[in-house]
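A short worksheet on the structure shown next.
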There are 2 protein chains.
Amino acid sequence: MDFVITIDSQADIPLYRQVYEELRKAILSGRLAPGQKLPSTRYLAQSLSISRATVTQGYEQLLSEGYLETTTGSGTFVCRRLPDDLLDTAPVESKPQVAGSPISLSAYGVSLTERSLFRLPEPEAQISFSYGRPAFDKLPLDLWRKLLSRHCHANHDVLDYTNNSMGYQPLREAIAAYLSRSRAVKCSAEQIIMIGGSQQGLDLITRLLINRGDWIAVEEPGYLGARRTFLAQGACLFPVSIDESGLLVNNLTTNIKLIYVTPSHQFPTGALLSLPRRLELLAWAQKSGAMIIEDDYDSEYRYGERPIPALQGLDQGNSVIYVGTFSKVLFPALRLGYLVLPHNLVDVFTRAKWLADRQSSLLEQYALTDFINEGHLERHIRRMRSLYDQRRQTLVQSLFSHFGDKVKILGENAGMHLMIKIHTTLSDEEIVQRAAQVGVGINPAYPYYLKTSPGSEFVLGYAELNEQQIQEGVHRLAQSCQRGKESRSQTRQVCAEGTATGKKMSE
Amino acid sequence: MDFVITIDSQADIPLYRQVYEELRKAILSGRLAPGQKLPSTRYLAQSLSISRATVTQGYEQLLSEGYLETTTGSGTFVCRRLPDDLLDTAPVESKPQVAGSPISLSAYGVSLTERSLFRLPEPEAQISFSYGRPAFDKLPLDLWRKLLSRHCHANHDVLDYTNNSMGYQPLREAIAAYLSRSRAVKCSAEQIIMIGGSQQGLDLITRLLINRGDWIAVEEPGYLGARRTFLAQGACLFPVSIDESGLLVNNLTTNIKLIYVTPSHQFPTGALLSLPRRLELLAWAQKSGAMIIEDDYDSEYRYGERPIPALQGLDQGNSVIYVGTFSKVLFPALRLGYLVLPHNLVDVFTRAKWLADRQSSLLEQYALTDFINEGHLERHIRRMRSLYDQRRQTLVQSLFSHFGDKVKILGENAGMHLMIKIHTTLSDEEIVQRAAQVGVGINPAYPYYLKTSPGSEFVLGYAELNEQQIQEGVHRLAQSCQRGKESRSQTRQVCAEGTATGKKMSE
C-alpha cells in the first residue's frame with residue numbers, strides 16, 4: 001500500500017515526531033480509517049527515505065497513545081475503537097472548505113449556471129414510456145462481448161494512442177458503405193469522423209461554426225440536447241414551426257448561420273420531412289450560405305413508409321453535416337457516433353476532436369467494425385424493426401381503444417417513439433402527476449417548445465417496453481386521466497416525492 | 001439489405017423507369033459496386049411501397065442493357081464487367097464537390113486552422129523512445145477482458161444513459177480512497193468527475209474558466225497538449241521557467257487566471273516541485289485568485305524518492321483542480337481520467353460534461369471499479385514500477401557508457417521518461433534525422449518551449465522498451481551522433497521519407 005505523508009528533513013522537529021504527527025492527523029481526519037492496515041515500517045521507511053528505526057519510534061508512540069494496535073503476525077492497524085476524547089480533539093477537516101475568492105467562470109461557464117437550461121430528472125416509474133432506449137433484453141450482448149474479447153489482447157494499435165483522431169479507418173469505411181446502402185448518403189471514409197455519441201458531434205459543430213450572438217434555426221418543437229448546446233455557446237435561437245411534412249422551410253429568414261433538423265423522424269413530433277421540402281431546404285441553405293445539421297438519430301426504424309434519401313445525399317453544395325449514432329441501434333452507453341462532413345471541414349474537425357478527447361474508444365470501434373462487416377448490424381436492425389413495429393402497433397391500438405377519438409397520434413411511422421395529443425381539460429402537469437401516481441412515466445412535450453406549447457402533447461417511447469407493459473401502461477394512463485378531480489391535492493404530494501427521488505433523465 | 005432510392009409517385013415518369021434510372025445512377029456512380037447483390041424485387045417493392053411488377057420491370061431493363069446479371073437460385077447482381085462505354089457515359093460524382101460559399105468558422109475554429117498549433121507526426125521507428133506508452137506486453141489484459149465480460153450483460157444500468165454525468169458512483173468512491181492513500185489528495189467522491197482522458201479535462205477546464213484574451217501561466221518547457229488547448233481557446237500564455245526544484249514560482253505575476261503545472265514529474269524536464277515551492281505556489285494562487293491545474297499524469301511511478309503530497313491535498317483555499325488519468329497506468333486507448341474539483345465547481349463541470357458527450361464509457365467504468373477495489377490496480381502499479389525502474393536504470397547506464405560526460409540526465413527519478421542534454425555540435429534536427437536513419441526514434445525537446453529552446457535536449461521514454469531494445473537504441477543513437485558530417489545530405493533525404501510515411505503522434 002502506498003501511503004504519502006509529508007516529512008521535511010530540514011525542519012527542527014525530529015523525524016520520528018513528524019511521522020507520529022502526520023499519521024495521527026491522518027487517523028483523526030479519517031484518511032486512515034479504523035481497522036485499516038498500516039504499511040510495514042520497512043516499507044514506509046524506504047518510501048520516505050528515512051531510517052526504519054525512526055518510523056518504528058513514531059509507530060510506538062501512536063501505539064502507546066491508543067491510535068494504533070498490533071496483531072501478532074498480521075501487522076499494525078488503526079485502532080478500531082478510537083477513544084472519543086481523541087476524536088474530540090481532532091482538527092475536523094471533513095466539511096467542504098470555503099475560502100478564497102469566488103471563482104470567476106468564462107462566458108461559457110456562466111451560461112451553464114442558468115438553471116433553465118437543464119430540466120429536472122424524470123421520476124423513475126414502473127412503466128416508463130421514456131424515449132431513446134432500446135429493448136435492452138433483446139440486444140445481442142453475447143456477440144458483443146465476444147467481439148470485445150476478440151480485440152482485447154496485446155495488439156498495440158487497439159490499446160495505444162491512435163495516429164488518427166478521425167477514428168478507426170476500417171470502421172469509417174464500413175459506415176460509409178452502410179450509409180450509402182441504407183440512407184443514400186454520399187460519402188467516403190475520408191469524410192467520416194468517429195465521435196463519442198451525437199452529443200459530442202453537436203458540441204463540436206457549434207464550437208467550430210458558431211460565435212456568441214450567431215443565429216441558429218431550430219425546429220419548434222425540437223430536441224432539447226441540441227438547444228442546450230447552442231444556448232450554452234451563446235447562440236441566438238430562431239424557432240421554425242413543423243407541420244405534417246416537417247419543417248416549414250418558407251419561414252426561414254436570412255442571417256441564419258446554422259440550422260438543426262431531424263428530417264427522418266422529427267423530434268418530438270415524428271414528422272417526416274417531405275422530398276419537396278428537403279430540396280427547398282437545400283436550396284435555401286445554398287442561397288443563404290447556412291450549414292445544415294442533419295441529425296438522423298433513429299432513422300433505422302421505418303414502418304412501411306417509403307424511405308426518403310438523406311439531405312446529405314441530395315445536397316449539391318457542401319451544406320450538410322450528417323450526424324449518426326449507434327446509441328439507439330445498439331445501446332445508449334455505447335458512446336460511438338459519427339459525423340459525415342463536407343471535405344473542406346474534415347481537417348478542422350479532426351483537430352477539434354483531438355483537443356476534445358484525442359480519440360473515441362478503440363476497442364469498441366474494432367468490435368463495431370466486425371459487427372457491421374459480418375452482417376450483424378443489418379440483421380439486428382431487421383429484427384428490432386419487426387419487434388418495434390409490433391410494440392408500436394400495440395401502443396397505437398391501446399391508445400385508440402382507451403382514448404378513442406380523444407387522442408391524436410403523430411409520427412408513428414418511424415423511430416422508437418410517437419407523440420400524442422390528448423383532448424382533455426387537465427393540465428400537462430396534472431396528467432404527468434396522475435400517471436406517476438399509478439406508476440406510469442410519460443414526457444410532456446411542452447419543454448421542447450421555445451415559444452408557448454399548445455399543451456396536452458406527450459411523447460411516448462415504446463421500444464423498451466413489451467406488449468403487456470404497453471397495454472397496462474396505457475390502461476393505467478387512461479384511467480388516471482378519467483379520474484375525478486377531487487384527488488388532485490393528493491396527487492401533487494406524491495409527485496413531489498417522485499421528483500425528489502427521481503433518477504432517470506431521458507435527455 | 002436496405003437500399004434507398006428516390007421514387008416520386010407524383011412525377012410524370014413511369015415508376016418502373018424511375019426504378020431503372022435510380023439503380024443505373026447508383027451503379028454508374030459506384031454506390032452499387034460490381035458484383036454486389038441487389039435486394040429482392042419483393043423486398044424493394046415493399047420498402048418503396050410500389051408493386052413488385054414495377055420493380056421487376058425496372059430490373060429487366062437493366063438486365064437487358066448489361067448493368068445487371070442473374071445467377072439461378074442466388075439472385076440478381078451488379079454485372080462484374082460493366083462495358084466500358086457504359087462507364088464512360090457516367091455522370092461522375094466521385095470528386096469532392098466544391099460549391100457554395102466558403103464556410104465561415106467560429107473564432108475557435110479559426111484558431112484550429114493555424115498549422116503551428118499541431119506538430120507533424122513522428123516517424124515510426126524500429127526502436128522508438130516515445131513517451132507516455134506503457135509496457136504493452138505486461139498489461140493484465142486477460143483480467144481486463146474478464147472484468148469487461150463480467151459487466152457486459154443485460155443489466156440496463158451499464159448499457160443505458162446514466163442519470164449522473166459525473167460517472168459511476170462506486171468508481172468515484174474507489175478513486176477518492178485511492179487518491180487519499182497514495183497521493184494525499186483530500187476529496188470525497190462528490191468532487192470527482194469521470195472524463196474521457198486528461199485531454200477532455202483540460203478542454204473542459206479551459207472552456208469553463210477562460211475567456212479569449214485571459215492569461216494562463218504554463219511551464220517552460222511544458223506539455224504541448226495543454227498549450228494547444230489553451231491557445232485554441234484564445235488564451236494568452238505566460239511561460240514560467242523551471243529549475244531542478246520545478247516551477248520558479250517567484251516569476252509569476254498578477255492578472256493570471258489559471259496556471260497549468262505537472263508537479264510530480266514536470267513534463268518534459270522531470271523536475272519534482274519541491275515542498276517549499278508548492279506552498280509558495282498555493283499562497284500565490286490564494287492571493288492572486290488564480291486557479292491551479294495539477295496534472296498528475298504519471299505520478300504512480302517514483303523510484304526511491306520521497307513522495308510529496310499533491311498540491312490538492314496541501315491546498316487550503318479551493319484553488320486546485322487535480323487531473324488524473326488511467327491512460328498511463330493501464331493503456332492509452334482506455335479513455336478514462338478524472339477531475340478532482342473544488343466543491344463550488346462540481347455542478348458546472350457536471351453540466352459541461354453532459355454537453356460535451358453526456359457520459360464516459362460505463363462498461364469500462366464498471367470494469368475499472370473492480371480493478372481498483374479488488375486490489376489489481378495497486379498490484380499492477382507495484383509490478384510496473386519495478387519493471388520500469390529496471391528499464392530506467394538500463395537507460396541511464398547505457399547513456400553514461402556511450403556518451404560519458406557528454407550527456408546530462410534530468411528527471412529520471414519518476415515517471416516513464418527522462419530528459420537528456422547532449423554536448424554536441426550537431427543541431428537537434430540532425431540528431432533526430434541521424435537517429436531515424438538507424439531506426440531509432442527520439443523526441444527533441446525544442447517544441448515544448450514557447451521561447452527559444454537551449455537546444456540539444458531530448459525526451460526519452462523507456463517504459464515500452466525492453467532492456468535489450470534500450471541498450472541497442474542508445475548504442476545506435478551514440479554511433480549515429482559520432483558519425484562524420486559527410487553523410488548529412490543523405491540523412492536529410494531519408495528523413496524526408498520518414499516524415500512522409502510517419503504515423504505515430506506522441507502527443
Side-chain angles (χ1 to χ4, degrees), chain A residues 2-4 6 31 48-49 96 99-101 105-109 112 136-137 141 145 148-149 152-154 156 159-161 163 180-182 184 196-197 199-200 203 207-211 229 232 286 289 306-307 309 317-318 331-333 335 343 348 351 355-358 361-362 503-505, chain B residues 2-4 6 31 48-49 96 99-101 105-109 112 136-137 141 145 148-149 152-154 156 159-161 163 180-182 184 196-197 199-200 203 207-211 229 232 286 289 306-307 309 317-318 331-333 335 343 348 351 355-358 361-362 503-505:
Chain A
D2 260 359
F3 192 81
V4 175
T6 317
R31 221 184 117 206
L48 296 172
S49 306
S101 47
L105 296 170
S106 67
Y108 179 71
L112 294 202
F136 288 104
D137 55 341
L141 290 175
R145 195 160 46 215
L148 285 178
S149 286
C152 184
H153 54 68
H156 294 201
L159 302 173
D160 203 353
Y161 290 121
N163 50 51
S180 166
R181 284 196 301 275
S182 71
Q199 183 59 37
Q200 183 173 58
D203 191 41
R207 290 179 86 173
L208 289 175
L209 300 181
I210 294 297
N211 287 315
T229 300
Q286 275 278 52
R306 181 180 300 168
N318 280 341
F331 51 92
R335 303 314 294 151
H343 286 279
V348 74
R351 288 168 176 219
L355 290 174
D357 61 3
R358 296 186 73 139
S361 167
L362 284 181
K503 272 168 138 202
K504 291 285 174 193
M505 187 151 95
Chain B
D2 259 1
F3 192 83
V4 175
T6 319
R31 221 182 118 205
L48 296 172
S49 307
S101 48
L105 297 170
S106 67
Y108 179 70
L112 294 202
F136 287 104
D137 55 340
L141 290 175
R145 196 161 45 219
L148 286 178
S149 286
C152 184
H153 54 70
H156 293 202
L159 302 173
D160 204 353
Y161 290 121
N163 51 50
S180 165
R181 285 196 300 277
S182 70
Q199 183 61 37
Q200 183 173 59
D203 191 43
R207 289 181 87 172
L208 290 174
L209 300 181
I210 293 298
N211 286 316
T229 300
Q286 276 278 53
R306 181 181 300 170
N318 279 340
F331 51 92
R335 303 315 293 151
H343 286 279
V348 74
R351 288 169 175 220
L355 290 174
D357 61 3
R358 297 184 74 139
S361 166
L362 284 180
K503 272 167 136 198
K504 291 287 175 193
M505 186 150 96

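Naming convention: chains lettered A, B, ... in sequence-line order (proteins, then strands); numbering from 1 in each chain.
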- Heavy atoms of B/Cys152 and A/Arg145 approach each other most closely as O-NH1, 2.6 Å
- Task: Taking the side chain as every heavy atom from C-beta outward, state whether A/Asp160 and B/Phe331 have any pair of such atoms under 4.5 Å apart.
- Result: no
- Item | Residue selection (most heavy-atom pairs with chain A, distance under 4.5 Å) from B/Ala356, B/Ala107, B/Ser361 | B/Ala356
- What's the shortest heavy-atom distance between A/Gln199 and A/Thr229, and which atoms? NE2-OG1, 2.7 Å
- Counting heavy-atom pairs under 4.5 Å with chain A, the top scorer among B/Asp203, B/Leu105, B/Leu362, B/Leu148 is B/Asp203
- Can you say whether B/Arg207 sits under 4.5 Å from chain A via the side chain, the backbone, both, or neither, judging by heavy atoms? both
- Note on the structure: When the 4.5 angstrom heavy-atom criterion is applied to B/Ile210 and chain A, the contacting part is backbone
- Query: Is there side-chain contact between B/Arg351 and A/Leu112, with heavy atoms separated by less than 4.5 Å?
  - Reply: yes
- Note on the structure: One option among B/Ala333, B/Ala184, B/Gly109 has the most heavy-atom pairs under 4.5 Å with chain A, and it is B/Ala333
- Item | Derivation of the side chain to side chain contact (heavy atoms under 4.5 Å, CB included) call for B/Tyr108 and A/Leu209 | CA-CA 8 Å; B/Tyr108 179 70; A/Leu209 300 181; over 6 Å; no
- Message: So which residue, A/Thr6, A/Leu208, A/Val348, ends up with the most heavy-atom pairs under 4.5 Å with chain B?
- Response: A/Leu208
